Amino acid sequence: MNREAACEAYRRLLAEYPVVDDRRHFLDFSNPFEALILTILSAQTTDRAVNAVRDTLFSRYPTPEALARAEPEEVEPLIRTIGFHHTKARYIVETARKLVADFGGEVPRTMEELQSFPGVGRKTANIVLSHAFEINVGIAVDTHVRRVSKRLGFTDSTNPNIIERDLVALFPEEAWRDINYLLIRHGRAVCTAQNPKHEQCIVADLCRYYRELRGGEEK
DNA sequence: ATCCCGAGGG
DNA sequence: CCCTCTGGAT
């Protein structure tokens with residue numbers, strides 16, 4: 001897909017899913033430490049579930065130092081409702097310990113350093129950088145971004161790294177932070193994995209997948 | 001039943 | 001590439 005068509009799709013998605021509006025329901029990323037921990041906890045879960053545990057978690061462990069002193073076993077009950085709590089309790093305690101031991105309690109601001117924390121892959125690191133630090137080094141690619149990008153024709157690949165490279169080349173840097181969010185919204189509401197709602201899709205006329213489907217059944 | 005703004009390990 | 005980890009919402 002060419003850049004003009006991609007940006008047209010971006011504009012329409014932005015109008016359909018207002019990002020500023022949606023951010024109210026997203027996680028509060030004002031504190032980098034909390035942002036890192038909450039983003040780790042967010043994996044394969046809803047932001048509602050994560051928001052439900054944030055107050056108890058951070059009132060008990062307000063700093064990296066406090067969380068570093070805890071044992072995963074005592075943190076686990078506090079985050080039981082988010083799922084994957086056994087693994088995630090270990091991730092966030094070890095993350096806090098590494099934060100204190102290697103970074104003086106300050107959350108680092110590079111992709112490489114962030115990905116050295118347990119539970120932080122490229123997707124999570126991208127989110128922390130772009131939302132907590134306003135640093136755009138790339139585009140966070142999750143399963144929704146992956147599916148929607150492939151269908152629309154933003155990329156031909158299924159490899160997340162190549163998808164990210166294609167998206168980065170396709171969109172201006174100002175759009176990087178929001179395209180992730182827009183594609184996720186669209187992926188959940190309309191461009192679903194099964195039975196996508198083509199009739200509700202605001203970018204159907206730009207969509208390679210939709211074009212192929214119609215071509216396949218009409219001729 | 002199915003899915004959720006994934007990452008680590010085999 | 002595959003599998004596992006998990007509870008909650010719908």
Side-chain angles (χ1 to χ4, degrees), chain A residues 10 13-14 16-29 34-57 72-73 75-96 98 111-133 136-152 154 157-164 167 171 175-197:
Chain A
Y10 170 71
L13 291 171
L14 195 56
E16 186 77 359
Y17 312 100
V19 174
V20 180
D21 213 44
D22 266 330
R23 286 247 174 81
R24 288 179 314 192
H25 306 292
F26 201 50
L27 301 166
D28 178 13
F29 279 180
E34 296 187 8
L36 177 58
I37 299 302
L38 291 173
T39 311
I40 292 172
L41 296 181
S42 294
Q44 200 64 20
T45 306
T46 59
D47 47 320
R48 188 193 320 193
V50 175
N51 273 323
V53 303
R54 74 171 296 160
D55 286 343
T56 31
L57 182 65
E73 292 73 30
V75 175
E76 193 174 337
L78 303 182
I79 60 172
R80 179 152 291 151
T81 53
I82 68 174
F84 301 107
H85 43 271
H86 185 67
T87 308
K88 286 175 177 177
R90 183 165 49 82
Y91 283 168
I92 64 175
V93 168
E94 287 177 4
T95 290
K98 187 175 177 60
M111 178 63 72
E112 293 72 22
E113 289 171 314
L114 281 170
Q115 283 193 262
S116 72
F117 291 91
V120 181
R122 187 170 177 89
K123 191 265 173 180
T124 301
N126 257 321
I127 294 291
V128 172
L129 285 172
S130 63
H131 288 270
F133 294 134
N136 298 316
V137 297
I139 294 172
V141 176
D142 60 37
T143 52
H144 295 291
V145 173
R146 196 166 153 170
R147 181 180 67 255
V148 178
S149 296
K150 183 83 165 20
R151 285 181 177 170
L152 276 171
F154 291 162
S157 178
T158 53
N159 180 315
N161 295 316
I162 297 179
I163 293 174
E164 183 179 357
L167 292 176
F171 295 100
W176 287 0
R177 177 172 29 177
D178 293 335
I179 193 68
N180 154 63
Y181 202 68
L182 296 173
L183 295 180
I184 288 169
R185 280 289 166 199
H186 189 61
R188 290 178 60 182
V190 177
C191 195
T192 47
Q194 285 111 33
N195 306 115
K197 300 163 182 156

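By convention in this document, chain letters (A, B, ...) are assigned in the order of the sequence lines, proteins followed by strands, and residues within each chain are numbered from 1. As the structure is a computational prediction, the values presented were derived from the model and not from experiment.
A:Val120 comes within 4.0 angstrom of the backbone, heavy atoms only, and of no base.
A distance of 11.0 Å separates OG1 in A:Thr124 from CG in A:Leu129, rounded to the nearest 0.5 Å.
The side chain of A:His144 has B:dC4 as its nearest neighbour among C:dG8, B:dT2, B:dC4. Of all nucleotides listed (B:dC4, B:dC3, C:dG7), B:dC3 comes nearest to the side chain of A:Gln194. You'll find that the side chain of A:Thr143 is closest to B:dG6, out of B:dG6, B:dT2, B:dC5. Comparing atom distances between the A:Ala43 side chain and each of B:dG6, C:dG7, B:dC3 picks out B:dG6 as nearest. You'll find that the side chain of A:Arg146 is closest to C:dC1, out of B:dC5, C:dC1, C:dG7. The A:Gln44 side chain lies nearest to B:dG6 when the options are B:dC5, B:dG6, B:dT2. Set against C:dA9, C:dT6, B:dG8, the side chain of A:Arg48 has C:dA9 as its closest nucleotide.
Remark: P of B:dG8 and CD of A:Glu94 are 11 Å apart, rounded to the nearest angstrom. Between the CD1 atom of A:Ile127 and the C1' atom of B:dC4 there is a distance of 15 Å, given to the nearest Å. Remark: C1' of B:dG9 and CZ of A:Arg90 are 11 Å apart, rounded to the nearest angstrom. In this entry the distance linking OH of A:Tyr91 with P of C:dT6 reads 10 Å, nearest Å. Here the P atom of nucleotide C:dT6 and the CZ atom of A:Arg80 are 10 Å apart, to the nearest Å. Residue A:Phe117 contributes atom CZ, which lies 18 Å from atom C1' of B:dG6 at whole-angstrom precision. Straight-line distance from the CD1 atom of A:Ile40 to the C1' atom of C:dC5: 16 Å, rounded to whole Å. In this structure, the CD atom of A:Glu76 is 10 Å from the C1' atom of C:dT6, given to the nearest Å.
When the P atom is compared between B:dC5 and C:dT4, the two are found 23 Å apart, to the nearest whole Å. Taking atom P in both C:dT6 and B:dG9, the straight-line distance is 14 Å, to the nearest Å.
Residues A:Asn126 and A:Met111 are in side-chain contact: their nearest non-hydrogen atoms beyond the backbone lie under 4.5 Å apart.
Ion pairing of A:Glu16 with A:Arg185 is absent here, as no side-chain N (NZ or NE/NH1/NH2) approaches a carboxylate O to less than 4.0 Å.
A donor atom on one side chain and an acceptor atom on the other are found under 3.5 Å apart for A:Lys88 and A:Thr45. Between the side chains of A:His86 and A:Glu76, at least one donor N or O lies within less than 3.5 Å of an accepting N or O.
A close approach under 4.0 Å does not occur between any side-chain nitrogen or oxygen of A:Thr45 and OP1 or OP2 of B:dG6. Distances shorter than 4.0 Å separate none of the side-chain N or O atoms of A:Arg185 from OP1 or OP2 on B:dC4. When the side-chain nitrogen and oxygen atoms of A:Arg188 are compared with OP1 and OP2 of B:dC3, none of them lie within a distance under 4.0 Å. Side-chain N/O atoms of A:Thr124 include one lying less than 4.0 angstrom from OP1 or OP2 on B:dA7. Using a 4.0 Å cut-off, no side-chain N or O of A:Gln115 falls inside it from OP1 or OP2 of B:dA7. Here A:His86 does not reach the OP1 or OP2 of C:dT4: none of its side-chain N or O atoms lies under 4.0 Å away.
Mapping A:Ala193 and A:Phe84 onto DNA chain B via the closest heavy atom, the residue that lands nearer the 5' end is A:Ala193.
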From CA spacing to verdict: ring-ring contact (aromatic ring centres under 6.0 Å, His included), A:Phe117, A:Tyr91:
CA-CA 8 Å; A:Phe117 291 91; A:Tyr91 283 168; over 10 Å; no

